[in-house]
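Each remark here refers to the structure printed beneath this line.
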Amino acid sequence: METRYLGSGDNRLGVAAIGLGCMALSSMYGSPVDDDGSVALIRRSLDLGCTFLDTADAYGPFTNEQLVGRAIAGRRHEVVLATKFGNVRRDDGAFQGVNGRPEYVPEACDASLLRLGVEHIDLYYLHRVDPKVPIEETVGAMASLVEAGKVRHIGLSEASAATIRRAHAVHPITAVQSEYSLWSRDPEPEVLPAMRELGIGFVAYSPIGRGFLGGRFSEPGDLAERDVRRNHPRFSAEHLEHNARLQARLSSLASKHGRTPAQLALAWLLAQGDDVVPIPGTSDVAHLEQNLEAAEISLGEDELAELADAFPPGAAEGDRYPDMSLVNR
């Protein structure tokens with residue numbers, strides 16, 4: 001697996017070109033997931049060189065970090081471990097809001113370290129920007145974790161270009177994580193240029209459109225009853241027919257070139273710059289192996305032009321989230 005670098009200078013962090021988003025291993029998409037199978041999947045990921053693992057205290061909640069910790073036991077030295085804090089949830093999963101208060105930062109970090117069973121976190125993100133707390137105060141507290149040796153690098157998730165600049169002035173930001181894919185091009189106008197100016201890497205979550213670009217869904221009934229995607233406007237009956245036509249174009253192009261739609265979507269992201277690292281999630285080992293093969297695909301100018309024509313910015317219908325006020329802050 002090729003190594004890509006997030007951040008720059010002394011703040012540079014080498015990671016696998018394709019990482020593994022672990023959220024799907026905690027039944028966030030409605031279908032039960034077997035813990036033993038999930039541990040085996042993570043270990044298979046490591047065997048294949050996909051050693052950049054992404055989790056969060058909110059996934060489960062809390063149980064995803066425990067699962068990842070179990071999977072990497074005895075193999076910690078192989079892993080670049082990323083987790084997130086700030087999206088506060090009760091044990092039953094109910095969302096309690098965003099917390100970026102400085103006094104909460106070390107509390108959340110210590111809890112994550114305990115659940116993961118590790119002595120340090122390689123990349124620690126603020127999951128969402130707290131509008132009630134100046135970003136300088138939150139990042140200042142995160143910087144104290146670096147000084148204490150509990151965290152090696154810090155990042156932000158779904159932050160605006162202006163917030164990124166303010167945060168980076170307090171302490172070097174290694175990576176920003178946001179949704180980015182063929183049908184979610186939001187970071188391109190402002191966020192990516194700001195990051196590149198500052199020497200910050202980009203981690204793309206939901207690079208296969210929460211599975212949609214893989215061709216698994218064409219109507220709301222395809223989603224499990226408790227699947228969180230049912231609440232996302234893009235998966236609603238109002239927008240799904242239009243978006244399914246977009247996906248059909250991707251499937252057609254993938255078939256033409258002897259690839260899966262997911263592989264083509266990931267290869268497109270990898271072609272957007274060597275500072276872009278997608279972290280697709282899956283609970284299926286076969287899909288994991290197929291996704292990682294995308295690292296070996298080099299798209300030519302004709303293929304990139306075909307994809308640009310099929311997926312121009314703004315082509316997808318519906319918002320990314322039910323409440324867009326929580327992103328791009």
Side-chain angles (χ1 to χ4, degrees), residues 1-21 50-54 56 79-86 100 105 109 120-129 134-181 184-207 266-279 295 298 313 327-329:
M1 178 72 70
E2 171 197 358
T3 297
R4 291 196 166 192
Y5 293 92
L6 306 173
S8 56
D10 294 339
N11 194 42
R12 198 169 73 153
L13 175 65
V15 300
I18 298 178
L20 177 65
C50 176
T51 55
F52 183 33
L53 305 181
D54 182 274
V79 176
V80 177
L81 182 60
T83 191
K84 300 178 282 294
F85 79 99
V105 175
C109 181
H120 74 272
I121 295 162
D122 296 303
L123 179 55
Y124 198 43
Y125 294 99
L126 174 62
H127 208 158
R128 292 292 185 270
V129 176
I135 191 63
E136 292 84 356
E137 295 183 12
T138 306
V139 171
M142 296 172 74
S144 295
L145 297 176
V146 177
E147 294 171 5
K150 295 181 179 181
V151 167
R152 298 285 171 84
H153 300 266
I154 64 176
L156 305 175
S157 180
E158 290 286 2
S160 68
T163 297
I164 293 166
R165 292 180 187 281
R166 289 169 55 198
H168 193 70
V170 175
H171 186 278
I173 302 298
T174 298
V176 169
Q177 179 179 140
S178 293
E179 183 172 356
Y180 188 29
S181 70
S184 295
R185 308 279 293 274
D186 304 22
E188 292 179 344
E190 298 181 3
V191 171
L192 279 170
M195 291 167 48
R196 284 170 174 158
E197 176 190 332
L198 299 170
I200 299 171
F202 189 92
V203 176
Y205 76 81
S206 294
L266 290 169
W268 177 85
L269 267 173
L270 291 170
Q272 301 313 298
D274 59 11
D275 55 353
V276 175
V277 177
I279 51 168
S298 179
V327 301
N328 197 36
R329 284 177 169 169

| query | What closest approach, in Å, do A16 and C50 show between heavy atoms, and which atom pair accounts for it? | reply | CB-CA, 4.2 Å
| query | Any side-chain donor paired with an acceptor under 3.5 Å for S206 and E179? | reply | no
| said: With side-chain contact (heavy atoms from CB on, under 4.5 Å) as the criterion, how do E190 and N328 come out once you've worked through the C-alpha distance, each side chain's angles and the decisive distance to 0.1 Å? | reply: CA-CA 10 Å; E190 298 181 3; N328 197 36; 5.6 Å; no
| request: For I164 and V176, work out which heavy atoms get closest and say how close. | output: CD1-CG2, 3.8 Å
| So do L126 and F85 actually touch side chain to side chain, heavy atoms under 4.5 Å? | yes
| request: Evaluate side-chain contact (heavy atoms from CB on, under 4.5 Å) for L192 paired with F202, printing each intermediate quantity in order. | output: CA-CA 8 Å; L192 279 170; F202 189 92; 3.7 Å; yes
| request: Identify the heavy atoms of A194 and A161 that sit nearest to each other, and give their distance. | output: CB-CB, 3.9 Å
| pair R165-L198: side-chain heavy atoms closer than 4.5 Å | yes
| Does the pair Y124 and L145 meet the rule for a side-chain contact (heavy atoms from CB on, under 4.5 Å), with working shown? | CA-CA 9 Å; Y124 198 43; L145 297 176; 3.7 Å; yes
| said: Within the structure provided, determine whether V277 and I18 are in side-chain contact (heavy-atom separation under 4.5 Å). | reply: no
| If you round to the nearest 0.5 Å, how far is CG of L13 from CG of D122? | 6.5 Å
| field | Donor-acceptor pair, side chain of R4 and main chain of L270, under 3.5 angstrom | value | yes
| request: Taking all non-hydrogen atoms of both residues into account, name the closest pair between T3 and G14 and its distance. | output: CG2-CA, 4.0 Å
| said: Using a 3.5 Å distance criterion without hydrogens, assess whether the side chain of D54 forms a donor-acceptor pair with backbone atoms of G21. | reply: no
| query | Is the number of heavy atoms from other residues, nucleotides or ligands under 6.0 Å of E188 CD greater than 12? | reply | yes
| note | Heavy-atom closest pair (H153 atom, R12 atom, distance to 0.1 Å) is CE1-O, 3.7 Å
| field | Charged N-O contact under 4.0 Å between R329 and E158 | value | no
| field | Note, R152 side chain near I121 side chain (heavy atom, < 4.5 Å) | value | no
| query | Does the side chain of L81 reach to within under 4.5 Å of the side chain of L123, using non-hydrogen atoms? | reply | no
| Spacing of I200 atom CD1 and L156 atom CG [to the nearest 0.5 Å] | 7.5 Å
| query | Any donor and acceptor pair, going by atom type alone, linking the side chain of T174 with main-chain N or O of G7 inside 3.5 Å? | reply | no
| Are the side chains of I154 and H171 in touch, meaning some heavy atoms are under 4.5 Å apart? | yes
| query | Given the rule in the side-chain contact (heavy atoms from CB on, under 4.5 Å) test, do V80 and L53 qualify, once you have shown the distances and angles that lead to the verdict? | reply | CA-CA 6 Å; V80 177; L53 305 181; over 6 Å; no
| Does some side-chain heavy atom of V191 sit less than 4.5 Å from a side-chain heavy atom of Y180? | no
| request: Hey, could you give me the NE2/SG distance between H120 and C109, rounded to the nearest 0.5 Å? | output: 11.0 Å
| query | Which heavy atom in A167 sits nearest to a heavy atom in I135, and how many Å separate them? | reply | CB-CG1, 4.0 Å
| message | When you measure from the side chain of H168 to the backbone of I173, do you find a donor-acceptor pair of N or O atoms at a distance under 3.5 Å? | response | yes
| task | Kindly indicate whether the side chain of V203, heavy atoms from C-beta on, has any atom under 4.5 Å from the side chain of V15. | result | no
| Taking NZ, NE, NH1 and NH2 as the nitrogens, is one of them in D275 or R196 under 4.0 Å from a carboxylate oxygen of the other? | yes
| task | Check for a donor-acceptor pair, side chain of S157 on one end and backbone N or O of S178 on the other, with a separation under 3.5 Å. | result | no
